[in-house]
Amino acid sequence: MADGNAPLTEDDDDGPFGKPLFDDPSARALSRVGVVDVGSNSVRMVVFDGAARSPAYFYNEKIMCGLGKGLAETGRLNPQGRVRALAALRRFAMLAEGMQINPLTVVATAATREAADGPDFQAEVTRETGLKLHVVDGDEEARLSAQGVLLGWPDAKGIVCDIGGNSMELARISDGRVGKRVSTPLGPFRLQQVSTDPQKRRAHIAKTLKQAQSVMKSTGERIYLVGGSWRVIARLDMERRNYPLTVLHEYRMTPKGLADTLDWLAVADLAVLRGRTGTSAERMELVPLACEVLQELLALFKPSEIDVSAYGIREGLLYEHMPEKLRARDPLIEAARMAEMVQARIPGFGKKLYDFLLPLFPEASKDRLRLIKAACLLHDTTWRAHPDFRAEACFDNATRANLGGLDHPGRVFLGLALLHRYKNSRSGSRLEPMFRLLDDDQIQAAEVLGKAMRFGAMFSIGDPAKAGVLRWQPKKRVLELALTPAGEALFGEVAQARFHSLAVAMKATTSVARPG
């Protein structure tokens, strides 16, 4: 257990992080950052394209090695898993060299740190691949996983629970910092060796979690789930609920709903579910034991809500290097800015569009305003798609893209607004099942935003503010447009039609003030 959020202090030769990579903004924009997580179950390499606040995944490869399988019984790494892990690391080293990534940060967790032959494996990795394998203890693993959650949720507050093959880490996060943390031996591989009697195994889980709870002292807080076994359970929860959006990041479950899913999984045919959800056999094998842990976690910690994070230790490694100024940025807005920069026809127009449309939303909350801003930044990023499919491409990009700081209703709101940026009507769309994640008022607001962007984006190519000013009188329900001399010429038939369509969506009448 530890408090605080102090970074590692080892020098370049001894520490897994070395010198911070992103002090120089120009270097930060150009850097590709590679990290490898050598876990008890999988070995994964991720290359982040640029060290931005919401980085893109340039490369992502995972091998299910099972390095920690049988560790609790033998005290040693799984021989076959060790061979597979070494082969994966040899390949990753060559890939990193081809991508000119130097250094490639490689971190090992529970299996390597606990195995008697862990140091020998460490030395073999360096000898055979040239990579330095940094073994972190349970406390540091918990901190890095929690930092991964903060990468996607800057305002996250609650308990991070990261399950691996041989251990499960807990960490408290609040105000952008990591606080108390504890590591427990509750990974599924470890539990396989505890007992074949479910009652004895559950008693062991309960006892271990009570000890962890005595440190964490969680009282009805939100729990953030990190790790492959948790993600599989969340995906199965979606299957049970017939949930329309199968993006795991920021998927939210209630304690009652999750408990129902755990009861359902106890009697379900997991082989059938594995085929329906595309889950690997190696992952599904561990689900029953992970379910037992989750049941006890719900009973003891009594969370108010359970959220799934696709970000964990690898993202935590990236977050480790970020200066505070960069950490404080909004991941959604940074991702939208990057998308506009590389995909839009006129980078920078999104901010002008946002400023032009802002008078239409005088009572919008802070959360709604950030969605409006993100939509304006993204409004032109799918212009290369075929016109017949551009609206749906917009929706798909918003709802399925790797975006941090965006819950599922927020994804659908953003997607629906972007759909209406290109299309007046949404009726008959294949996307309709996802609309049920919003209420009627949210759907209406997304349509208004979309049609406002549809008008503003073509009203003036340079800057719509130089062509006119929008005003909204909510009590009278009058939508006004005050044209400038240049705007009078720009307010042609198509612009007039789109302005009228916006007014209809707002249930408003229009007033156009012309110069002179």
Test side-chain contact (heavy atoms from CB on, under 4.5 Å) on L150 and R327; report intermediate values, then the result.
CA-CA 9 Å; L150 289 172; R327 292 179 179 183; over 6 Å; no
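- At distances below 3.5 Å, at least one donor-acceptor pair connects side-chain atoms of E250 with backbone N or O atoms of D407.
- Between the side chain of R181 and the backbone N or O of G179 there is at least one donor-acceptor pair closer than 3.5 Å.
- Residue L371 holds its CG atom at 9.5 Å from CD of Q442, rounded to the nearest 0.5 Å.
- A distance-only check finds no donor-acceptor pair linking the side chain of R314 to the backbone of G34 [under 3.5 Å].
- Contact of the C161 side chain with the L297 side chain is registered, since non-hydrogen atoms from C-beta on lie closer than 4.5 Å.
- Looking at S167 and E169, their side chains do bring a donor and an acceptor atom within 3.5 Å of each other.
- The CG atom of L416 sits 10.5 Å away from the CD atom of Q444 when rounded to the nearest 0.5 Å.
- Going from atom CD1 of I163 over to atom CE of M168 covers 6.0 Å, rounded to the nearest 0.5 Å.
- Side chain of K302 to main chain of A299: a donor-acceptor pair is present (N/O by atom type, distance under 3.5 Å, no hydrogens or angles).
- Sorted by first and then second residue, the pairs that involve residues 465-498 and meet ring-ring contact (aromatic ring centres under 6.0 Å, His included), not counting sequence neighbours, are F491-F499.
- Using a distance-only test at 3.5 Å, with no hydrogens or angles considered, no donor-acceptor pair links the side chain of H408 to the main chain of T399.
- Legend: residues meeting salt bridge (Lys or Arg N to Asp or Glu O under 4.0 Å) with R235, ordered by chain and number and at least two apart, are E239.
- Taking a 6.0 Å sphere around CZ of R430, one finds it holds more than 12 heavy atoms contributed by other residues, nucleotides or ligands.
- Note that the OG atom of S309 and the CD atom of E315 stand 7.5 Å from one another [nearest 0.5 Å].
- Inter-residue side-chain proximity for I233 and L225 is flagged as unmet; no heavy-atom pair is nearer than 4.5 Å.
- Counting only heavy atoms from C-beta outward, the side chains of L300 and K210 approach each other to under 4.5 Å.
- We find the CH2-SG distance between W230 and C291 to be 8.0 Å, quoted to the nearest 0.5 Å.
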List the steps and the verdict of side-chain contact (heavy atoms from CB on, under 4.5 Å) for F395 and V412.
CA-CA 8 Å; F395 189 95; V412 177; 4.2 Å; yes
Between Y243 and Y251, does a ring-ring contact (aromatic ring centres under 6.0 Å, His included) hold up when you go through it step by step?
CA-CA 10 Å; Y243 190 76; Y251 177 61; 4.9 Å; yes
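- Every pair passing salt bridge (Lys or Arg N to Asp or Glu O under 4.0 Å) that includes a residue from residues 448-468 is listed here, sequence neighbours excluded: E447-K451.
- Under the salt bridge (Lys or Arg N to Asp or Glu O under 4.0 Å) criterion, R44 pairs with no residue at all, not counting sequence neighbours.
- Of the possible polar contacts, one joining the R172 side chain to the M216 backbone as a donor-acceptor pair under 3.5 Å is found.
- In summary, the side chains of Q147 and E320 do present a donor paired with an acceptor at a separation below 3.5 Å, with no hydrogens or angles considered.
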Kindly determine whether R514 and E480 satisfy salt bridge (charged side-chain N to carboxylate O under 4.0 Å, His left out), including the steps that lead there.
CA-CA 11 Å; R514 301 180 183 274; E480 296 182 0; over 6 Å; no
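- Counting only N and O atoms by type, the side chains of N424 and S501 include a donor and acceptor under 3.5 Å apart.
- Looking only at distances, no side-chain donor or acceptor of E392 sits under 3.5 Å from a matching main-chain atom of F389.
- Annotation: side chain of V107 is not in contact with side chain of V36 (no heavy-atom distance under 4.5 Å).
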For M453 and L418, run side-chain contact (heavy atoms from CB on, under 4.5 Å): C-alpha distance rounded to whole Å, both residues' side-chain angles, the deciding distance at 0.1 Å, then the answer.
CA-CA 8 Å; M453 293 190 295; L418 291 168; 4.1 Å; yes
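- With contacts defined as side-chain heavy-atom distances shorter than 4.5 Å, the pair T254/E305 does not qualify.
- In summary, D139 and R143 do not engage in a salt bridge, as defined by a charged side-chain N under 4.0 Å from a carboxylate O.
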Could you go through the side-chain hydrogen bond (donor to acceptor under 3.5 Å, both in side chains) check for T261 and R240 one step at a time?
CA-CA 7 Å; T261 293; R240 181 186 70 83; 2.7 Å; yes
Take L360 and L449, measure what side-chain contact (heavy atoms from CB on, under 4.5 Å) needs, and give me the verdict at the end.
CA-CA 9 Å; L360 301 181; L449 173 57; over 6 Å; no
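- Applying the salt bridge (Lys or Arg N to Asp or Glu O under 4.0 Å) rule to E141 yields the partners R113; only residues at least two apart in sequence or on another chain are considered.
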Does F48 form a ring-ring contact (aromatic ring centres under 6.0 Å, His included) with Y57? I'd like the steps, not just the answer.
CA-CA 5 Å; F48 300 101; Y57 291 80; 5.3 Å; yes
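- For L369, the side chain to side chain contact (heavy atoms under 4.5 Å, CB included) criterion is met by Y354, L358, A364, I372, not counting sequence neighbours.
- By the 4.5 Å heavy-atom criterion applied to side chains, P331 and L403 are not counted as neighbours.
- Applying the salt bridge (Lys or Arg N to Asp or Glu O under 4.0 Å) rule to R241 yields the partners D237; only residues at least two apart in sequence or on another chain are considered.
- How far OG of S174 is from CD of E221: 8.5 Å, rounded to the nearest 0.5 Å.
- Sequence neighbours left out, the pairs with a member in residues 336-353 that pass salt bridge (Lys or Arg N to Asp or Glu O under 4.0 Å) are E334-R337, R345-D380, K351-D355.
- No side-chain heavy atom of L318 sits under 4.5 Å from any side-chain heavy atom of V35.
- Partners of Y59 by ring-ring contact (aromatic ring centres under 6.0 Å, His included), not counting sequence neighbours: none found.
- Remark: side-chain polar atoms of Q213 are not paired, donor with acceptor, to backbone N or O of F301 under 3.5 angstrom.
- In this view, H379 and F349 satisfy the ring-ring contact (aromatic ring centres under 6.0 Å, His included) rule, not counting sequence neighbours.
- For residues 140-160, every residue pair satisfying the ring-ring contact (aromatic ring centres under 6.0 Å, His included) rule, not counting sequence neighbours, is listed here: W153-Y224, W153-H249.
- In this structure, the side chains of T279 and L273 stay at 4.5 Å or more apart for every pair of heavy atoms.
- For R231 (side chain) and V308 (main-chain N/O), no donor-acceptor pair under 3.5 Å exists by modelled atom type.
- A donor-acceptor pair is defined here as one N or O able to donate and one able to accept, closer than 3.5 Å; no such pair exists between the side chain of W264 and the backbone of L236.
- Among residue pairs with one or both ends in residues 366-377, those qualifying as salt bridge (Lys or Arg N to Asp or Glu O under 4.0 Å) are D330-R370; sequence neighbours excluded.
- Summarising the local packing, CG of D175 is surrounded by 12 or fewer heavy atoms from other residues, nucleotides or ligands at distances under 6.0 Å.
- Side-chain contact annotation: S429 with E432, donor-acceptor N/O pair under 3.5 Å absent.
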